[in-house]
Amino acid sequence: MSKLKVIGEKINGTRRPVAQAIEQRDAAVVRDLAIKQAEAGAAWLDVNAGTRSSAEPDDLVWLIETIQPVVEIPLCLDSANPAALAAGMRIVERTPMVNSISGEPQRMEGILPLVAEHGCSVIALSMDSAGIPATCEGRLRVARRLMAEMRAKGVPDDHVYLDPLAMTLATNTDGAKVTLDTIRAMRQEFPDAHLTMGLSNISFGLPARSHINRAFLTLALAEGLDSAILDPLDREMMAALIAAELVLGQDHHCLSYTRAFRAGLFARSEVATTRA
Ligand code: THG
């Protein structure tokens with residue numbers, strides 16, 4: 001098991017198979033994704049109904065009711081819509097993570113009170129009504145304001161998952177650098193907060209995405225990322241994660257690494273090495 005807390009990304013209505021499953025109320029597809037991600041080591045399951053339409057509260061409630069009987073791990077309710085999150089909160093059994101608040105007033109006012117009331121963890125995006133700041137300093141400014149507001153509402157720092165925001169390299173080749181710099185700065189300034197992000201965003205629109213995702217994850221780990229929204233069914237990604245944690249001195253007695261080896265996580269690369 002990795003030190004990094006994995007939030008499984010696959011139950012997301014912006015993905016075609018999930019959109020279809022939601023529309024047809026096909027529980028088997030959703031449950032299969034939930035069980036497989038939990039078995040692959042996810043600590044949380046992201047649940048995103050994938051729409052800003054009026055159906056979002058019902059769709060999110062259906063997803064939660066479909067998933068929670070088949071896994072024991074908590075859910076990460078992924079929506080910008082306060083009404084959908086409030087509906088989800090009413091029926092969710094294990095205290096969820098809320099994904100997410102930001103500096104946008106309707107999210108601050110509509111979602112932060114829910115978080116404070118239920119004592120949940122919460123992801124805080126470093127963006128506001130003006131959008132996503134282009135620079136590390138700009139994102140830090142937003143994070144400072146969000147931290148101040150959450151502290152004022154009694155949310156402890158270790159319930160907060162700051163998101164420095166990853167965006168695709170396809171449209172901005174400096175983008176990952178800004179994100180990595182922001183991770184380092186956030187880690188320094190808010191040592192008790194967690195840091196997470198949507199890792200796969202980095203490779204949207206590019207081919208062979210998994211290679212980019214893995215390189216980015218490794219660098220982000222070195223800067224202090226301690227959680228990520230990613231695809232735990234990508235075995236090579238999980239192998240890269242376990243190996244990077246070992247190299248960073250976070251795997252005492254190589255316990256996780258050797259355990260993952262015995263469980264067969266490195267099976268494919270091992271065959272390649274034998275042949276060489
Ligand atoms: N921050 C926070 N929450 C988020 C995001 C974020 N939630 C949504 C998103 N961004 C993170 N989730 C996903 C889910 C799926 C994909 C990307 C981000 C995705 N999936 C590909 C697919 O399904 O085809 C496969 C992934 C791959 O090949 O790498 O692209 O930034 N707080």
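Order of listing sets the numbers, starting from 1, for every ligand and every atom in it. Values reported hereafter were calculated over all heavy atoms of this structure, with side chains retained and with hydrogens, waters and symmetry mates removed. Treat the numbers as computed from the prediction; the structure is a model and nothing was measured. Along the sequence shown, residues are numbered consecutively beginning with 1.
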Give me the nearest non-hydrogen protein atom to [atom] as residue plus atom name, then the distance to 0.1 Å.
| atom | result |
| --- | --- |
| atom 8 (C) of ligand 1 | D78 OD2, 3.5 Å |
| atom 21 (C) of ligand 1 | R209 NH1, 3.8 Å |
| atom 29 (O) of ligand 1 | N213 ND2, 2.8 Å |
| atom 2 (C) of ligand 1 | D163 OD2, 3.3 Å |
| atom 3 (N) of ligand 1 | N99 ND2, 3.0 Å |
| atom 26 (C) of ligand 1 | E9 OE2, 3.6 Å |

Minimum heavy-atom separation for [X] to [Y], with atom names?
| X | Y | result |
| --- | --- | --- |
| G175 | L169 | N-CD2, 4.4 Å |
| E9 | I229 | CB-CG2, 3.8 Å |
| E65 | R31 | O-NH2, 4.5 Å |

Is the contact between [X] and ligand 1 made by the side chain, the backbone, both, or neither, using heavy atoms and a 4.0 Å cut-off?
| X | result |
| --- | --- |
| T14 | neither |
| T196 | neither |
| L125 | side chain |
| R15 | side chain |

inquiry  = If the contact criterion is a heavy-atom separation under 4.0 Å, does D231 count as touching ligand 1?
reply    = no

key: Identified side chain to side chain contact (heavy atoms under 4.5 Å, CB included) partner of I123 from the options L162, V115, I7   = I7

query = V18 pairs by side chain to side chain contact (heavy atoms under 4.5 Å, CB included) with which of V29, L33, N12?
reply = L33

query = Any idea which atoms of ligand 1 are less than 4.0 Å away from a heavy-atom of G198?
reply = 1 (N), 6 (C), 31 (O)

task = Pull out every atom of ligand 1 sitting under 4.0 Å from any heavy atom of F204, numbered as shown with elements.
result = 17 (C), 30 (O)

Taking distance alone, with no angle check, do [X] and ligand 1 share an N/O pair under 3.5 Å?
| X | value |
| --- | --- |
| S100 | no |
| S210 | no |
| S203 | no |
| N48 | no |

query = Would you say I101 and V155 are hydrophobically clustered, going by side-chain heavy atoms of ILVMFWY under 4.5 Å?
reply = yes

message = Is there a path of hydrophobic side-chain contacts, each under 4.5 Å between heavy atoms of I/L/V/M/F/W/Y residues, joining M97 to L199?
response = no

ask   = For atom 10 (N) of ligand 1, which of T168, N201, I123, V18 has the closest heavy atom?
value = N201

ask   = In terms of heavy-atom contacts, does CD of Q250 have more than 12 from other residues, nucleotides or ligands at under 6.0 Å?
value = yes

key: Chi angles and distances behind the side-chain contact (heavy atoms from CB on, under 4.5 Å) call for M1, S256   = CA-CA 6 Å; M1 195 74 72; S256 297; 5.6 Å; no

inquiry  = Below 30° counts as parallel, above 60° as perpendicular, anything between as tilted: where do the rings of F261 and F266 land?
reply    = parallel

Residue that, paired with E189, satisfies salt bridge (Lys or Arg N to Asp or Glu O under 4.0 Å) out of R144, R139, R141, R184 = R144

